[in-house]
Amino acid sequence: NAGVTQTPKFQVLKTGQSMTLQCAQDMNHEYMSWYRQDPGMGLRLIHYSVGAGITDQGEVPNGYNVSRSTTEDFPLRLLSAAPSQTSVYFCASKRAGTTNEKLFFGSGTQLSVL
Amino acid sequence: AQSVTQLDSHVSVSEGTPVLLRCNYSSSYSPSLFWYVQHPNKGLQLLLKYTSAATLVKGINGFEAEFKKSETSFHLTKPSAHMSDAAEYFCVVSPTSGTYKYIFGTGTRLKVLA
């Protein structure tokens, strides 16, 4: 049972480049989300989705795009990378319904923007 | 609006001594509360959750937390620290009904001294 899979694990970009962080889950979870983790700031929600075709913004959405064409996949796109986007990115998923269901996390993508 | 405050960014304990990681929350309703642990270079893993069934919640690896509504606290404790407990710990409050925006604390890094 793979759970939540993120790729790549590490990435270095130059300012202005674009890229897509991949996230896939095999638990048939309706809810998927992207967080960024920065020192001293905990995890901050970027975007989330509650099903195919449904996405919404989180706390820090600027500079990021998402789409949800299938239940399994929830890619995060950086359109024009900036040094401020240097961070560790986590994808998380859960069953929809009650808010007391736990989140399942991927192992993270460490992104550096030079 | 909900918020969560982790009162200590770093905690150091000696192996075999008790652990106390403090978390205060603010919410306009009765929330669900979670503690997650993140070991170095890993994703986050659920330690325990409070969902109003019982105020004292037991989790994995000997951790427990007590929900105190009068103090708006959800502190994490363990009677005897082990070297393997060294990690970062996050207190999380569930979103309001109709949203999926989980609120993470800024984290407490636990160091266990031999």
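Chain letters run A, B, ... following the sequence lines, proteins first and then strands; every chain starts at 1.
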Starting from B:Leu76, can I reach B:Phe34 by hopping between I/L/V/M/F/W/Y residues whose side chains sit under 4.5 Å apart? no
Report yes or no: do B:Tyr89 and B:Leu7 belong to one cluster of Ile/Leu/Val/Met/Phe/Trp/Tyr joined by side chain heavy-atom distances under 4.5 Å? no
B:Tyr102 side chain to A:Leu45 main-chain N or O, any donor-acceptor pair under 3.5 Å? no
Looking only at heavy atoms, which two atoms of B:Lys101 and A:Tyr48 are closest? And how far apart? CE-CE2, 3.9 Å
A:Tyr35 versus chain B, the contacting section by heavy-atom distance below 4.5 Å: side chain
When you group the ILVMFWY residues by side-chain heavy-atom contacts below 4.5 Å and let the links chain together, are B:Ile60 and B:Met83 in the same group? yes
Are there over 12 heavy-atom neighbours, none belonging to A:Arg95, within less than 6.0 Å of that residue's CZ? no
Given A:Gln37, A:Gln110, A:Met41, the one with more heavy-atom pairs under 4.5 angstrom with chain B than any other is A:Gln37
For residues B:Leu44 and B:Val93: do they belong to one hydrophobic cluster (side chain heavy atoms under 4.5 Å, members Ile, Leu, Val, Met, Phe, Trp, Tyr)? no
With only heavy atoms counted, which part of A:Val88 is less than 4.5 Å from chain B, the side chain, the backbone, both or neither? neither
Could you check B:Tyr36 against A:Leu103 for side chain to side chain contact (heavy atoms under 4.5 Å, CB included), going step by step and ending with a plain yes or no? CA-CA 10 Å; B:Tyr36 284 83; A:Leu103 290 164; 3.5 Å; yes
Could you state the interatomic distance from CG (B:Leu46) to NZ (A:Lys94), rounded to the nearest 0.5 Å? 12.5 Å
Flag the one option from B:Thr51, B:Ile103, B:Val92 with the top tally of heavy-atom pairs under 4.5 Å to chain A. B:Thr51
Heavy-atom pairs under 4.5 Å with chain A - which of B:Lys42, B:Gln6, B:Gln38, B:Gln45 has more of them than the others? B:Gln38
On a heavy-atom basis, the closest approach of B:Phe104 and A:Leu43 is CB-O, 3.5 Å
Quick check: is A:Leu76 connected to A:Val4 through a chain of hydrophobic side chains (ILVMFWY, heavy atoms under 4.5 Å apart)? no
